[in-house]
Amino acid sequence: MIERPEDLEQKQYSTKRYVIDTVIKGVLVLLPLLIIGFILSILFDFIFEILTPLSHLLQPGQQDPHWSFTLLSLFILAFLLFLIGLVIRNRSGRIYFKKFERKYLFSIPLYNMLHQTVNHFTGVKDLPFNQAVLIDPFNSGTLMTGFVTDNINEDMYCVFVPTAPNPTNGNIFHVKKEAITFLDVTPQDAMRTVIGMGTGTANLFKSKKPLNKEVLPRE
């Protein structure tokens, strides 16, 4: 069968669109990680530049700093990050940081996306639900990854289905129990598959098993 020129052109356009969309999705996943790496690199270079004169003072005539100053710079950077984390772990420090974040940091482009991604990847932020599920709300055979947010009655659940790669948006479905497959995974693991646009979903399907008790959302 000979393909018509318009069919060939449509196929080429579809392939081109598929490649472009896939690249964009890959960028959206890696972008927060690249930003973190860029910021840490700037901090390391700043610390290293401060220590360089000390290296020249201890080693007159030596152009390049001794390798030990690279390790010292890494140690200082790690210690600074530890101090920042220590302050934020404190209740009063966390309150002041939240105020600073709302006033200044959230006005920085991409900071909110970076903030959400890091929290969900590391599990630092508790999710407002504790049960991951697969649902078929339209009885079409197409399963969606979701999270139980409320138990309406014995036969009906409220399920939040996040969008990828930004899980702060999504849709709410009121689903009958028979349309739900409960998963024996943590919400953080399930959320990582949403942020990763499906990466790791095979593990969700392997975890499908009936639960022995009613599933209630986290208070």
Side-chain angles (χ1 to χ4, degrees), residues 19-60 62-128 132 145 147 162-170 185-201 203-204:
V19 172
I20 293 176
D21 288 347
T22 303
V23 170
I24 291 175
K25 289 178 180 179
V27 170
L28 289 175
V29 171
L30 291 179
L31 186 58
L33 303 178
L34 293 175
I35 294 174
I36 293 174
F38 178 69
I39 293 173
L40 291 178
S41 176
I42 291 177
L43 289 175
F44 174 80
D45 291 340
F46 177 74
I47 295 171
F48 190 76
E49 288 296 326
I50 292 177
L51 295 179
T52 298
L54 179 59
S55 175
H56 293 159
L57 186 63
L58 296 176
Q59 295 179 304
Q62 188 76 21
Q63 289 292 334
D64 297 326
H66 192 265
W67 61 267
S68 60
F69 282 85
T70 300
L71 291 179
L72 181 59
S73 300
L74 287 172
F75 175 79
I76 293 175
L77 176 60
F79 183 70
L80 287 175
L81 295 175
F82 174 77
L83 288 179
I84 294 173
L86 200 61
V87 170
I88 295 177
R89 284 178 67 95
N90 181 274
R91 186 174 181 274
S92 58
R94 189 162 57 248
I95 291 174
Y96 284 117
F97 176 75
K98 288 294 183 182
K99 291 180 179 179
F100 175 79
E101 189 177 46
R102 284 195 298 268
K103 190 171 183 180
Y104 299 106
L105 297 183
F106 279 118
S107 62
I108 300 175
L110 298 178
Y111 176 80
N112 188 42
M113 177 182 176
L114 177 65
H115 178 269
Q116 295 288 341
T117 302
V118 171
N119 282 342
H120 289 309
F121 264 117
T122 58
V124 171
K125 182 179 179 181
D126 289 334
L127 299 177
T145 302
F147 304 88
T163 56
N166 181 11
T168 57
N169 295 324
V185 296
T186 66
Q188 286 79 10
D189 288 339
M191 186 61 76
R192 289 188 186 100
T193 68
V194 176
I195 297 174
M197 287 172 290
T199 304
T201 304
N203 294 328
L204 297 186

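Worth knowing before you read on, the calculation uses all heavy atoms, side chains too, and leaves out hydrogens, waters and symmetry mates.
- Listed by chain and number, the residues in a ring-ring contact (aromatic ring centres under 6.0 Å, His included) with Phe100 are Tyr104 (sequence neighbours excluded).
- Rounded to the nearest 0.5 Å, atoms CG (Leu204) and CZ (Arg192) are 11.5 Å apart.
- For Thr163, the side chain to side chain donor-acceptor pair (under 3.5 Å) test picks out no residue, with sequence neighbours left out.
- Here the CD1-CG distance, from Ile76 to Leu83, works out to 11.5 Å after rounding to the nearest 0.5 Å.
- What you find for Pro187 and Phe147 is that their closest heavy atoms are O-CE2, 3.7 Å.
- Contact annotation: the side chain of Phe69 approaches that of Leu54 to within less than 4.5 Å [non-hydrogen atoms, C-beta and beyond].
- Here CG of Asn203 is found 9.5 Å from OG1 of Thr193. Values are rounded to the nearest 0.5 Å.
- If you take CG on Asp45 and CG on Leu40, they are separated by 11.0 Å, rounding to the nearest 0.5 Å.
- In terms of heavy-atom proximity, Phe48 sits nearest to Ser73 at CD1-OG, 3.3 Å.
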List the steps and the verdict of side chain to side chain contact (heavy atoms under 4.5 Å, CB included) for Leu72 and Leu51. CA-CA 9 Å; Leu72 181 59; Leu51 295 179; 3.8 Å; yes
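- Thr186 pairs by the side chain to side chain donor-acceptor pair (under 3.5 Å) definition with Asp189, not counting sequence neighbours.
- With rounding to the nearest 0.5 angstrom, the CZ atom of Phe79 is 11.0 Å from the CD1 atom of Ile84.
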